[in-house]
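Shown next, in structure tokens, is the structure this report addresses.
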Amino acid sequence: MITRFAPSPTGPLHLGHAYSALLAHDMAKGGTFLLRIEDIDQTRARPAWEAQIFDDLHWLGLRWPSPVMRQSDRLPAYRDALAQLWAQGLIYPCSCTRRDIQDATNAPQEGAAAFGPDGLIYPGTCRPRTPPAGALPEAVLRLDMGRALAALGQPNLAFTETGPASGQITFTEQDAIATIGDIVLARRDMGTSYHLAVVLDDAAQGITHVVRGEDLFAATKIHVILQKLLGLPTPLYHHHRLIRDDQGRRLAKRDDARALSKYRADGRSPKDIRQMVGL
Ligand code: GLU
């Protein structure tokens with residue numbers, strides 16, 4: 001089994017991250033646990049946070065092979081995948097601002113605005129009638145979900161979940177069009193999106209079992225669709241419970257009170273951390 005922990009170096013690791021990393025590490029027992037740095041958002045990623053992540057994970061007792069994969073090194077791979085989807089006529093440039101999308105989805109004839117795993121479902125304003133021609137542009141690029149699923153020709157899609165919601169999770173083409181829509185695959189100034197990068201990286205690293213928080217459960221449908229479109233295998237998924245604060249709110253990067261570094265400074269041990277997260 002090959003598992004991974006894929007933090008973004010945009011803040012301190014907290015108890016929730018510790019749980020995710022420890023679980024992915026423990027599940028790989030006898031296999032390989034990998035670390036991947038998800039730093040595509042260069043406006044928020046900081047080398048100092050990355051150094052702190054390495055330090056905290058080492059302190060927890062985790063080890064992983066070097067060098068680690070870093071998304072900022074993978075832009076050519078993301079571009080190649082976009083070129084492949086472009087050549088198939090499955091993506092198109094979009095010039096809508098967030099405001100445009102809000103206005104279009106608030107239009108009375110559209111009914112209630114619907115949210116998918118990636119935010120407001122795109123109303124299709126820039127979707128062309130026929131696939132765009134020419135070279136792959138440097139632009140915000142969206143997946144034409146209807147066309148992509150028609151190209152796949154699989155009315156039912158599925159992945160295997162081993163977390164608390166365990167079982168075979170199936171969904172239909174129609175469900176994906178209605179509840180996900182035309183998601184962004186290349187964001188402005190980023191050359192990719194989280195969804196495209198994570199799918200390509202998991203495949204490139206040979207991840208067999210993706211272990212991550214249940215907040216990403218709904219996004220997994222997007223990942224399965226991208227895997228099918230790009231001819232990549234679908235790993236097993238384990239979406240674990242989220243660690244919450246005393247008020248039941250999920251921990252966020254700004255919850256410095258539960259930063260691992262804080263517990264370390266208070267003299268807690270890695271064993272204490274395992275106990276706190278229920279491992
Ligand atoms: N980088 C994501 C995060 O820090 C995790 C992505 C994933 O595990 O698929 O939330």
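Just so you know, ligand 1 is whichever comes first in the structure, and atom 1 is the first atom listed for that ligand. Count residues from 1 along the sequence.
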Ligand 1 atoms nearer than 4.0 angstrom to some heavy atom of V198 are 9 (O)
In ligand 1, the atoms that come under 4.0 Å of a heavy atom of L216 are 6 (C), 7 (C), 9 (O)
*Decide, yes or no, whether a salt bridge links D246 with R258 under the criterion of side-chain N to carboxylate O below 4.0 Å.*
yes
Exactly one candidate in R188, R79, R187 meets salt bridge (charged side-chain N to carboxylate O under 4.0 Å, His left out) with E138; the answer is R79
In ligand 1, the atoms that come under 4.0 Å of a heavy atom of S8 are 1 (N), 4 (O)
- Item | Residues R142 and D118 bridged, charged N to O under 4.0 Å | no
In ligand 1, the atoms that come under 4.0 Å of a heavy atom of Y194 are 6 (C), 7 (C), 9 (O)
- Message: Does R241 qualify as a cation-pi partner of Y19, given the criterion of NZ or CZ under 6.0 Å from the six-membered ring centre and within 45 degrees of its axis?
- Response: yes
For E38, the atoms of ligand 1 under 4.0 Å from one of its heavy atoms are 1 (N), 2 (C), 5 (C), 6 (C)
Item to complete: Using distance alone, decide if ligand 1 has a nitrogen or oxygen within less than 3.5 Å of any nitrogen or oxygen in A6.
Response: yes
So for R4 against ligand 1, with non-hydrogen atoms under 4.0 Å, the contacting part is side chain
Would you please classify the geometry between the Y92 ring and the Y122 ring as parallel, tilted or perpendicular, with 30° and 60° separating the classes?
tilted
Exercise. Let me see the working for I222 and I225 under side chain to side chain contact (heavy atoms under 4.5 Å, CB included), right down to the final yes or no.
Key: CA-CA 5 Å; I222 298 176; I225 293 167; 5.8 Å; no
- Test item: side-chain donor near acceptor, N156 and T170, under 3.5 Å: no
| For ligand 1, is F5 a contact, meaning one of its heavy atoms is under 4.0 Å away? | no
Note: V210, heavy atoms under 4.0 Å from ligand 1, region reported as neither
